[in-house]
Visitor: 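Dropping the structure in here first, questions after.
Proteins come first, then strands; the chains are lettered A, B, ... in the order of their sequence lines, and each starts at number 1. Computed from a prediction, not measured in an experiment: that's the story for all the values here.
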There are 2 protein chains.
Amino acid sequence: MSRQPTIKDVASKAEVSFKTVSRVLNGEPHVRKEVRERVLAAAAALDYRPNIAARGLIGGRSRLIGFLYDNPNYSYVTEAELGALQVCREAGYHLAVEPVDSQNDVARQIEQIISSLRLDGVIMTPPISDDASAMAVLDRLGVAHVRIAPNAARESGPCVFIDDEAAAFALTRHLLDLGHQAIGFVLGHPDHGASALRLAGFERAMASAGLQAGADHMVQGYFTFESGMSAGHRMLSGADRPTAIFAANDKMALGVMAAARELGLAVPDQVSIAGFDDTRAAQICSPSLTTVRQPVDAMCQAAADMLISMSANEDLADPALQLDFEIRARRSTAAPPG
Amino acid sequence: MSRQPTIKDVASKAEVSFKTVSRVLNGEPHVRKEVRERVLAAAAALDYRPNIAARGLIGGRSRLIGFLYDNPNYSYVTEAELGALQVCREAGYHLAVEPVDSQNDVARQIEQIISSLRLDGVIMTPPISDDASAMAVLDRLGVAHVRIAPNAARESGPCVFIDDEAAAFALTRHLLDLGHQAIGFVLGHPDHGASALRLAGFERAMASAGLQAGADHMVQGYFTFESGMSAGHRMLSGADRPTAIFAANDKMALGVMAAARELGLAVPDQVSIAGFDDTRAAQICSPSLTTVRQPVDAMCQAAADMLISMSANEDLADPALQLDFEIRARRSTAAPPG
DNA sequence: ATTTTGTCAGATAACGTTGTCAGATTCGAT
DNA sequence: ATCGAATCTGACAACGTTATCTGACAAAAT
């Protein structure tokens with residue numbers, strides 16, 4: 001276990017001052033090519049790696065990006081993390097993952113995380129990407145941030161999103177095109193910004209077909225399996241049950257599917273079910289679930305890219321980036337019975 | 001955006017030298033109670049938080065713990081992360097999450113991560129907790145590490161695990177107690193250490209009942225849904241199909257369940273299915289899956305605790321910590337038909 | 001009263017890097 | 001040859017903290 005080589009070790013090996021080594025390593029100009037190569041060779045020979053703490057101390061830049069979330073959805077978080085991580089690593093940055101408990105004082109938690117870690121920037125995933133107090137803290141501390149799929153205030157700062165409204169519209173159209181008319185909708189968690197947009201897309205598609213979902217075909221859910229199941233029970237037990245149910249996320253759709261099974265209704269023969277997110281479970285379940293794919297990893301890749309540019313004081317080409325969604329039509333949807 | 005308060009700001013507010021502040025904040029002795037309280041009050045008033053970079057620079061301790069994984073299982077990783085994170089935060093540490101690609105040179109990747117981040121310690125999750133070259137690098141660099149659920153060399157360093165063999169034994173006993181005799185087994189990924197142990201537990205339980213699984217009732221899987229499905233097809237299409245199948249993890253069990261459904265076999269009436277891990281999907285699926293619960297979060301909490309103690313140069317009470325598993329008997333297992 | 005011991009507090013040096021500035025060298029133009 | 005400008009290089013300070021040493025003071029022992 002030998003000491004890590006420092007910049008001075010490289011300097012003496014390359015027979016230059018340690019400042020010159022610093023210049024070479026940071027790609028600064030004014031170094032002769034011959035010297036540059038000598039330094040590079042020495043650094044490589046010693047397998048030198050700069051001390052991130054020392055760098056952070058002087059420059060204020062920690063080369064650390066925070067990934068903040070409060071999301072019980074495992075696959076979402078992991079996929080998001082992976083996307084961010086990939087970009088970070090390529091740029092020599094690292095990711096500090098920090099769960100936040102949005103029940104308690106979010107602003108305080110975030111302030112703690114930021115100031116103890118001196119993060120260069122943070123990625124805010126839903127639902128905290130819509131937490132106004134959290135955003136206020138970030139602004140006050142002057143910390144760069146990119147929001148993933150926020151609902152409100154897309155103009156007010158960098159963010160990455162898909163067009164939830166258009167996606168919900170497209171998925172509803174898919175159901176309408178199959179011939180469904182009585183379509184139920186399970187609303188998402190009221191605190192998640194996307195919920196309202198998905199509802200709007202659903203309603204617009206219905207209206208475009210001259211239809212309107214009845215009040216008993218619109219049930220509030222909370223993005224959980226259980227809430228989907230109870231919503232499913234409620235809609236499918238009624239007299240005029242819908243022939244298709246669109247749940248605002250996959251977990252609720254799986255809940256609806258469980259309810260259908262308990263009630264002895266075949267999917268998709270008697271009732272079609274669709275979700276939103278394209279989680280792994282949507283691919284695995286039986287029948288596989290028709291859903292909307294959000295490019296979660298690409299979104300977080302883009303976010304990390306933006307933050308790294310920002311911390312290098314570059315201007316962002318586009319602070320509000322919209323990525324494409326994709327409809328994944330699978331086995332859980334089919335033409336209505338009769 | 002005002003500058004973060006430094007230790008000197010606290011010092012001048014409390015009217016002591018900045019070194020005294022440092023003493024108070026680090027809980028060092030030789031500070032009068034009155035002074036200590038004055039300093040604490042000043043620190044609180046300024047909302048002072050130490051600069052982690054400066055600390056890391058001087059002490060060599062980064063207060064950063066690495067969480068290394070190469071595991072396609074989302075829920076496992078997230079739950080593990082959460083457990084570690086919780087402990088870290090309480091102790092003022094942070095977690096750097098680093099996926100590793102075990103296809104390529106693991107040792108080199110780890111060396112890069114460690115030396116660029118100066119991690120105080122790393123948590124190694126399966127399957128890399130069994131990668132000998134990775135362990136060799138960690139030893140060489142003198143980085144503290146705790147392995148989660150390793151197979152090999154439990155004596156050779158700190159680790160946390162459950163008794164996979166006993167758990168597989170207990171679950172197999174559960175099937176035997178229900179009256180099953182023809183029990184199939186889907187083996188885990190050969191690179192994961194737990195696979196061999198789970199197989200051993202299964203075989204011991206079978207032997208204890210005077211039984212032995214035939215070769216066509218033992219199929220190699222790879223911990224994926226797809227491998228489980230193909231294994232299920234193979235076992236359930238044969239002439240003497242088993243009345244119960246025990247898959248070495250939940251994903252494969254779900255695959256077996258899908259295969260059963262495709263073959264028109266009712267679960268659990270015609271065939272019982274059991275898994276291992278108690279993933280979220282095991283609770284959600286229909287019928288819900290009988291499985292073994294590993295306390296993944298508790299395991300990682302313990303690992304983080306151990307690393308923090310180690311970085312404070314404390315001795316570990318027990319470098320090889322065994323936690324308890326739990327059998328979750330659910331709806332996917334029942335008495336055999338007939 | 002004087003010495004010894006112990007407790008408390010401060011001054012100063014380090015940690016490894018980047019920023020600032022000044023000095024040295026090279027080159028082209030007079 | 002001589003100067004000016006550009007290019008290159010190095011010395012030194014700075015970042016915010018902890019470690020080490022040294023000094024001041026009080027209490028206890030002579």
Visitor: When the distance from CZ of B/Arg118 to C1' of C/dG16 is rounded to whole Å, what number comes out?
Guide: 9 Å
Visitor: Output yes when a side-chain donor or acceptor of A/His189 lies under 3.5 Å from a complementary backbone atom of A/Asp191, and no otherwise.
Guide: yes
Visitor: Find the distance B/Arg38:CZ to C/dA9:C1' and express it as a whole number of Å.
Guide: 11 Å
Visitor: Starting from P on C/dG10, measure out to NZ on B/Lys8 and report it in whole angstrom.
Guide: 14 Å
Visitor: Can a donor-acceptor pair be found between the side chains of A/Tyr76 and A/Thr125 at a distance below 3.5 Å?
Guide: no
Visitor: In whole Å, what is the span from the CD atom of A/Glu34 to the P atom of C/dT26?
Guide: 12 Å
Visitor: Expressed as a whole number of angstroms, how long is the span from B/Asn26:CG to D/dT17:P?
Guide: 10 Å
Visitor: Provide, to the nearest angstrom, the distance between the CZ atom belonging to A/Arg63 and the C1' atom belonging to C/dG16.
Guide: 13 Å
Visitor: Find the distance A/Lys33:NZ to C/dT26:P and express it as a whole number of Å.
Guide: 19 Å
Visitor: Whole Å only: how far is the CD1 atom of B/Ile7 from the C1' atom of D/dC15?
Guide: 14 Å
Visitor: Which pairs, protein N/O on one side and nucleotides 19-28 of chain D N/O on the other, fall under 3.5 Å?
Guide:
| residue | atom | partner | partner atom | Å |
| --- | --- | --- | --- | --- |
| D/dA19 | N7 | B/Lys19 | NZ | 3.1 |

Visitor: Sort and list the pairs that fulfil salt bridge (charged side-chain N to carboxylate O under 4.0 Å, His left out) and have at least one residue in residues 79-103 of chain A, not counting sequence neighbours.
Guide: A/Glu79-A/Arg293, A/Arg89-B/Glu98, A/Glu98-B/Arg89
Visitor: So which of residues 39-56 of chain B are in contact with DNA chain C, with a heavy-atom cut-off of under 4.0 Å?
Guide: none
